[in-house]
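The figures here come from the full heavy-atom set of this structure, side chains too, leaving out hydrogens, waters and symmetry mates. We count ligands from 1, going down the list as the structure has it; atoms in each ligand are counted the same way.
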Amino acid sequence: MANSRVNISSCLQSLNCLRLLEELQVTMRSSPLKGGRRHFKPKVSIGRWTILALFTLSMVFLYLMVGDGWRAVGENSDTGSEVTLPGEQEGFGPISTWIQSNDQEGLSPTPAVSQSGDQEQFSPTPIVSQFGDQEGSFVVVPTPTASIENSSISQTDSSAAPSVEAISPTLRSSDKCDGRRVYIYELAAEFNELILRNCTGVEAWYSMCDDIINQGFGVPLQIPESDPMASILQPPSAWFRTDQFTIEITFHERLKIHPCRTTNTEEASLFYIPFYHGIDLIKNLYNTDFVARDRLTLLFIKWLRSQKPWQRYQGKRHVLVLGRIVWDFIRDYSKDKTWGSSLLTHPELTNVTKLLIERDIWKDDTLGVPYPTSFHPSSESDLRAWQRTVRTFKRHKFVSLAGATRDNKLTGLIRDAVFEQCANSSRCHSIACNDGWCKRNPQVIVQMGLESVFCLQPPGDSPTRKGIFDSLQTGCIPVVFNRQQAALQYLSHLPGNHSDYSVIVSEEDVCDHNYDIMNHLSRIPLAEVARMQANVVNLIPRLLYRNTKLTGDYTSMDAIDVAMGSLLTSFDAEKPIAGASS
Ligand SMILES: *[C@@H]1O[C@H](CO)[C@@H](O)[C@H](O)[C@H]1NC(C)=O
Ligand SMILES: *[C@@H]1O[C@H](CO)[C@@H](O)[C@H](O)[C@H]1NC(C)=O
Ligand SMILES: *[C@@H]1O[C@H](CO)[C@@H](O)[C@H](O)[C@H]1NC(C)=O
Ligand SMILES: *[C@@H]1O[C@H](CO)[C@@H](O)[C@H](O)[C@H]1NC(C)=O
Ligand SMILES: *[C@@H]1O[C@H](CO)[C@@H](O)[C@H](O)[C@H]1NC(C)=O
């Protein structure tokens, strides 16, 4: 352990890390993205996030899918719920509470939001539009795209975004797969099963054995009945202590039982490669023996080259899920780099679509997928009940921030500036997550999210953050500091205009001019806050990873359904998943 620590810090100071940083900065500079270069300052500390990351890790699975086949991308088939217009009949009681208690603190007068008795209704979000009647055929939804060539980056307009309206039940009872089937490669156990079995890793202090079980959801979240959250996190079977790096397992377990699975490569539209590379990498991140670190990678490349479908499609229609951020997989074999795996530098992977919790926004062959949160419902009614809880919770905190503070501060970093502003403000409530405390006690983060109107999400050493999803999952509006944190990442899962579900405060203004975040937030009209909250609640189904062990009907599309729908749509259109260079 001491050894690893030394390696981490020496990596931090080493020329190699700095080179990686410089390279990233060059990329950033050449991009017209405002704030891009600045954002990458934190990359200097890539080693530090790793330390953080080390405390989290995980996997395993099993499940059972509703026989729905592919559903339309972004479908939130809200069958059985009536809909009301957002923000109109749908009162946001909790907000009113907050408004009153903060009135004297400079909140701008806003139209009153009516309280409504009917909290059961589900309101459609304005960020999505309704599909025409597509009964009987597969609903093909354009993948939201983000252009990075023009400095004014725009997402596709909301009318093109996936619908969250109900799709007709007849769609599901007709050809469920619309001729599109997924093939799962049979990989040798050393590429997945054995990696899980060896979960203690090199260092006992970051054993992943608890994280890899239950489809990668980890151990069930058991909190004492005396804890007020016990009655809120219902049913208990839907809540887990989930690590952020386990989606490789979750995807695999889900696809194994997918109704559109085929074992015939001739009829497959999508080829899924169940290599748990991100999980394996955990053991190797600090292994200075690169030959050992890359052993499995090279075996994998060799195996891939020998596969007939890969040859036939030149790697296209192939999908690899990597449960870590992209920067962990681009160590250049030919250069003197020290961090991470070299997997994505191999040309064999260039045409393969990579799903990652953080993508490279300059590469159109990667798609960001949500970080897993603690909530994994097994039935539609459990999901709806949670949405009701989120919608009606009394939010008496204005702004919250959860995160680990860093020891060695580098000046000018957005993260430190945000922590300092929060500490200085009576309107900002913070939770210290040092030493993995929040990971072990996810109910604390859930409670904070439920009680708060806004949740600050400063980037750490990389732009994305699990907290953004914890926040959305609890109806707390995430406050981010640049578009690389969410809007340009999760193109399929967070479609449309980012101002519908998040607030962006300029990173530059906060760092350079000490721009007051709390004042900024308190100037947002109440009606606007209520509109965002309604949207956030409606996004919940598509951001979570549902339990494969169903206890009832499940009709909503979850994060995996949305990702698979986007992939199939882009493969059929022969367009890159992110559409950035098409
Ligand atoms: C950039 O903007 C120009 C002019 O508005 C437009 O013609 C071009 O297609 C845009 N490029 C992309 C990639 O959107
Ligand atoms: C997003 O919405 C805001 C206000 O709701 C608007 O000012 C902005 O132009 C929109 N952005 C895009 C890209 O449509
Ligand atoms: C388990 O991991 C250790 C440490 O990396 C390694 O030495 C060992 O060979 C692995 N065992 C298996 C079965 O993969
Ligand atoms: C990737 O696809 C392009 C065509 O789009 C092809 O020329 C290239 O050889 C493919 N790469 C690999 C490694 O198959
Ligand atoms: C926070 O308060 C301290 C002491 O009052 C002050 O020196 C500092 O400038 C404040 N920081 C911010 C970001 O306002």
Side-chain angles (χ1 to χ4, degrees), residues 33-34 86-87 125-129 144-148 150-161 271 273 300-302 304-318 320 343-354 363-365 399 401 405 409 411-428 430 456 458 477 480-481 483 486-488 491 494-505 507 509-520 523-525 527-532 534-535 570-571 573-577 581-582:
L33 249 195
K34 188 168 176 287
T125 156
I127 64 175
V128 288
S129 63
T145 58
S147 160
I148 54 164
N150 288 339
S151 53
S152 65
I153 298 165
S154 64
Q155 298 276 319
T156 46
D157 84 31
S158 55
S159 61
F271 298 84
I273 313 168
F300 173 73
I301 297 292
K302 190 173 163 218
L304 187 61
R305 294 180 65 93
S306 71
Q307 299 305 304
K308 290 269 175 331
W310 178 84
Q311 293 164 358
R312 187 186 334 141
Y313 291 103
Q314 297 181 304
K316 289 168 196 160
R317 291 189 175 267
H318 280 58
L320 185 63
L343 184 71
L344 298 188
T345 66
H346 292 270
E348 287 80 359
L349 269 301
T350 46
N351 292 342
V352 172
T353 300
K354 281 78 67 176
K363 292 256 177 71
D364 61 20
D365 55 1
V399 186
L401 167 63
T405 49
K409 292 195 174 189
T411 50
L413 289 189
I414 178 70
R415 185 185 179 89
D416 294 336
V418 172
F419 271 88
E420 190 176 329
Q421 280 204 18
C422 184
N424 275 10
S425 167
S426 61
R427 287 177 288 178
C428 188
S430 70
L456 303 180
I477 300 163
V480 295
F481 299 88
R483 291 215 268 221
L488 298 178
L491 303 177
L494 295 174
N497 189 332
H498 56 74
S499 63
D500 288 330
Y501 56 82
S502 65
V503 173
I504 298 194
V505 178
E507 181 169 7
D509 289 347
V510 173
C511 282
D512 297 348
H513 311 296
N514 200 15
Y515 181 75
D516 192 324
I517 304 165
M518 288 2 117
N519 272 345
H520 180 97
R523 282 196 304 269
I524 299 173
E528 177 64 7
V529 173
R531 186 185 74 90
M532 285 190 280
N535 290 337
S570 82
F571 292 162
E574 299 191 357
K575 288 225 168 95
I577 181 69
S581 66
S582 57

First locate atom CG of L413, then atom CD of E420, and finally report the distance between them rounded to the nearest 0.5 Å.
12.5 Å
What are the atoms of ligand 5, with element, lying closer than 4.0 Å to any heavy atom of N514?
12 (C), 13 (C), 14 (O)
Could you say whether the N/O atoms of N424 and ligand 5 ever approach to under 3.5 Å?
yes
The reported gap from CD1 in I414 to CG in D509 (rounded to nearest 0.5 angstrom) is 9.5 Å
For atom CZ of R312, is the number of surrounding heavy atoms from other residues, nucleotides or ligands below 6.0 Å larger than 12?
yes
For the backbone of L304 and the side chain of E348, can you confirm whether one donor and one acceptor N or O come within less than 3.5 Å of each other?
no
Report yes or no: does S502 contribute a side-chain atom to a donor-acceptor pair with the main-chain N or O of H498 at less than 3.5 Å?
yes
Where ligand 2 meets S499 - atom numbers and elements under 4.0 angstrom, heavy-atom basis:
1 (C), 2 (O), 3 (C), 4 (C), 5 (O)
Between the side chain of H318 and the main-chain N/O of K316, is any donor-acceptor distance below 3.5 Å?
yes
heavy-atom search around atom 6 (C) of ligand 4 in the protein gives Q314 NE2, 3.7 Å
Protein contact to atom 13 (C) of ligand 4 [nearest heavy atom, distance to 0.1 Å]:
P347 O, 3.5 Å
Protein heavy atom at shortest distance from atom 9 (O) of ligand 5:
E420 OE2, 4.1 Å
Would you sort out whether Y515 and H520 count as a side chain to side chain donor-acceptor pair (under 3.5 Å), showing the intermediate values?
CA-CA 8 Å; Y515 181 75; H520 180 97; 2.7 Å; yes
Between ligand 2 and N497, is the shortest N or O to N or O distance under 3.5 Å?
yes
For atom 11 (N) of ligand 5, state whether the nearest protein heavy atom is under 4.0 Å away.
yes
Tell me: protein heavy atom nearest atom 5 (O) of ligand 4, and distance?
K316 NZ, 2.8 Å
Compute the shortest N/O to N/O distance between N351 and ligand 4 and return yes if it is under 3.5 Å, no if not.
yes
